[in-house]
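Structure first, commentary second.
One-based numbering, in listed order, for ligands and for the atoms of each. Note: hydrogens, waters and symmetry copies are ignored here, and every other heavy atom, side chains too, is used.
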Amino acid sequence: MIMGSDKYNFDTLKIRAGYNSADHNNSVQVPIYQTAAFDLLSTDRSRRILAFEEFGYIYSRFANPTLTALEARVAALDGAVAAVSVASGMAAVSYALLNACEGGRVIAPIHIYGGTFDAYKKLYPRLGVHIDLIDDVNDLEKIRAAIKDDTQAILIESISNPINVVADIEAIATLAHEYGIPLIVDNTFATPYLLNPIKYGADIVVYSATKALSGHGSVLGGLILEAGTFDWSAGRHPHFTETDYTYGDRNIIEVLPDFPFSGRIRTHYLSLLGASLAPFDAFLILQGVETLSERVKKQTKSAQKIADFLISHPKVSYVSLPSLPGSKYNKLAKKYFPKGAGGIFSFEYNGTEEESNKFIESLKLFSYHTNIGDARSLVINSARITHHELTPDEQTIAGIKPTTIRLSIGLEDVNDLIADLQQAFTIH
Ligand SMILES: *Cc1c(COP(=O)(O)O)cnc(C)c1O
């Protein structure tokens with residue numbers, strides 16, 4: 001089996017890693033193990049599996065071979081030691097955050113996915129996890145000032161939704177580690193093709209696989225990856241050193257020393273909250289991953305061309321693509337996104353909200369719906385849809401206006417896309 005060995009480059013790993021056909025009746029494709037449970041064979045074997053003495057499949061809520069192939073493949077692409085797949089990106093964010101922070105605090109920037117932000121307000125505080133929001137992810141002194149004795153994680157997006165704030169992952173990770181705090185990075189926008197956060201010190205990486213990893217708008221899924229280098233026993237995470245009867249009176253670090261974080265997600269959050277990925281959906285995500293580079297490369301190139309068109313258009317007052325020469329994040333983008341900053345960005349419609357709505361409705365090729373990273377080009381008015389959970393004041397701090405229009409560039413001919421934008425600008 002080809003795992004994440006240094007021998008192979010990204011484009012080989014995305015097609016080959018994590019799967020050996022000889023282990024699956026020589027099936028060329030990863031088989032869809034459409035089963036809820038697995039024969040246990042003997043009472044002694046079931047005892048050994050449950051005692052972590054040997055690995056084996058029991059029930060698809062915890063693990064399933066189709067999911068294992070997906071997990072191993074994406075872990076290889078990001079240089080992670082282990083991964084857990086879950087039923088959606090929100091499940092990935094929630095499980096990662098809860099697993100790191102039980103009864104503690106997390107520091108997070110306001111520039112973040114609307115659903116995550118909504119959970120900060122409505123859900124986590126009631127579950128005993130407190131969120132310390134900062135208004136600038138790259139203001140290290142603000143982060144330092146927010147650190148408290150019970151801070152258990154920092155959660156950021158490598159490039160934020162929807163206005164493309166590029167986080168200085170290396171600087172934030174260094175600061176976090178100074179205090180024994182893990183850095184969790186939502187790398188959904190970037191994908192492992194454009195950025196590997198673990199290389200810059202991230203401890204945990206999460207993905208919505210619904211987006212560019214699957215890439216065809218056909219499936220919901222998420223992944224949580226573990227770098228395997230963070231010391232969970234250093235003091236801030238007592239739940240990792242608690243002994244448990246089901247672990248034979250050991251703690252999770254003793255049971256699974258190489259990947260205690262993902263192991264604990266399986267034994268706690270996946271097992272008990274149960275947002276397991278369906279095997280067929282894992283198969284669809286694997287299909288998407290096979291063409292990840294080709295798709296993202298083209299989308300990045302087309303996005304640059306479209307951004308160049310938009311920035312010179314009188315109906316556009318701002319374009320958020322960080323690779324544009326005037327961008328505040330140009331320098332960070334050069335460091336973290338040498339292959340380009342992806343195919344998703346926003347622009348500011350220079351006019352009223354009514355006019356910008358008319359613009360959206362006049363588009364013929366760009367589809368108006370709430371996904372990103374699709375083969376189709378998509379458009380959305382973020383303030384009213386993907387980030388409608390933010391109050392007007394929060395939206396102002398987050399840099400989202402009613403006339404902010406987010407584009408996710410697909411795989412169509414770029415000249416057709418530009419012509420579509422052009423005609424929609426001339427409607428009113
Ligand atoms: C979409 C998205 C999520 C949530 O993922 P779902 O698969 O929709 O649950 C989380 N983070 C980011 C950055 C996203 O874009």
Side-chain angles (χ1 to χ4, degrees), residues 67 70 74 78 83-98 106 108-120 122-124 131 137 153 155-167 169 184-195 197 202 204-225 269-270 273-278 281-282 284-285 288-289 296 299 320 322 336-337 341-346 369-374 378-380 382 385-390 398-400 404 406-409:
L67 276 58
L70 170 66
V74 179
D78 249 334
V84 183
S85 55
V86 290
S88 71
M90 278 314 292
V93 174
S94 308
Y95 286 8
L97 197 151
L98 290 169
V106 59
I110 195 162
H111 298 98
I112 199 133
Y113 179 66
T116 305
F117 189 80
D118 207 25
Y120 288 170
K122 289 191 190 138
L123 186 65
Y124 295 120
I131 314 293
V137 70
L155 189 152
I156 64 171
E157 286 178 7
S158 49
I159 182 163
S160 78
N161 184 352
I163 62 154
N164 305 77
V165 173
V166 180
I169 297 173
I184 305 172
V185 177
D186 182 336
N187 199 40
T188 299
F189 257 48
T191 81
Y193 171 68
L194 293 176
L195 175 70
I204 305 298
V205 178
V206 295
Y207 287 105
S208 166
T210 312
K211 315 293 172 55
L213 280 180
S214 63
H216 295 81
S218 55
V219 64
L220 285 175
L223 283 131
I224 303 161
L225 280 59
Y269 291 97
L270 207 47
L273 297 183
S276 311
L277 184 65
D281 293 352
L284 290 177
I285 298 165
V289 169
V296 175
Q299 287 166 337
S320 75
Y336 291 102
F337 294 98
I344 309 153
F345 64 95
S346 298
H369 69 241
T370 66
N371 198 1
I372 51 169
D374 195 334
L378 315 176
V379 61
I380 202 86
S382 290
I385 313 285
T386 57
H387 289 67
H388 78 280
E389 301 94 337
L390 279 68
I400 303 163
T404 300
R406 186 185 75 191
L407 300 179
S408 173
I409 307 304

Closer than 4.0 Å to some heavy atom of [X] - which atoms of ligand 1 meet that?
| X | value |
| --- | --- |
| Ile372 | 15 (O) |
| Gly89 | 4 (C), 5 (O), 6 (P), 7 (O), 9 (O) |
| Ser88 | 7 (O), 9 (O) |
| Glu157 | 13 (C) |
| Thr210 | 6 (P), 7 (O) |

Non-hydrogen side-chain atoms of [X] and [Y] separated by less than 4.5 Å:
| X | Y | value |
| --- | --- | --- |
| Leu277 | Ile285 | yes |
| Asp78 | Tyr207 | yes |
| Asp374 | His369 | yes |
| Ile156 | Ile169 | yes |

Atom 12 (C) of ligand 1: which of Leu213, Asp186, Ile159, Asn161 has the nearest heavy atom? Asp186
Heteroatom proximity flag, [X] to ligand 1, N/O under 3.5 Å:
| X | answer |
| --- | --- |
| Ser208 | yes |
| Leu220 | no |
| Val93 | no |

Return the OG1 to CD1 distance between Thr386 and Ile380, rounded to the nearest 0.5 Å. 6.5 Å
Would you compute the distance between atom OG of Ser158 and atom CG of Leu194 and round it to the nearest 0.5 angstrom?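 It comes to 9.0 Å.
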Return the closest protein heavy atom for atom 1 (C) of ligand 1 as residue, atom name and distance. Lys211 NZ, 1.4 Å
Where is the nearest protein heavy atom to atom 9 (O) of ligand 1: which residue, which atom, and how far? Met90 N, 2.8 Å
Tell me, with the steps shown, if Ile344 and Ile159 meet side-chain contact (heavy atoms from CB on, under 4.5 Å). CA-CA 10 Å; Ile344 309 153; Ile159 182 163; over 6 Å; no
For Ala153 and Ile184, work out which heavy atoms get closest and say how close. CB-CD1, 4.0 Å
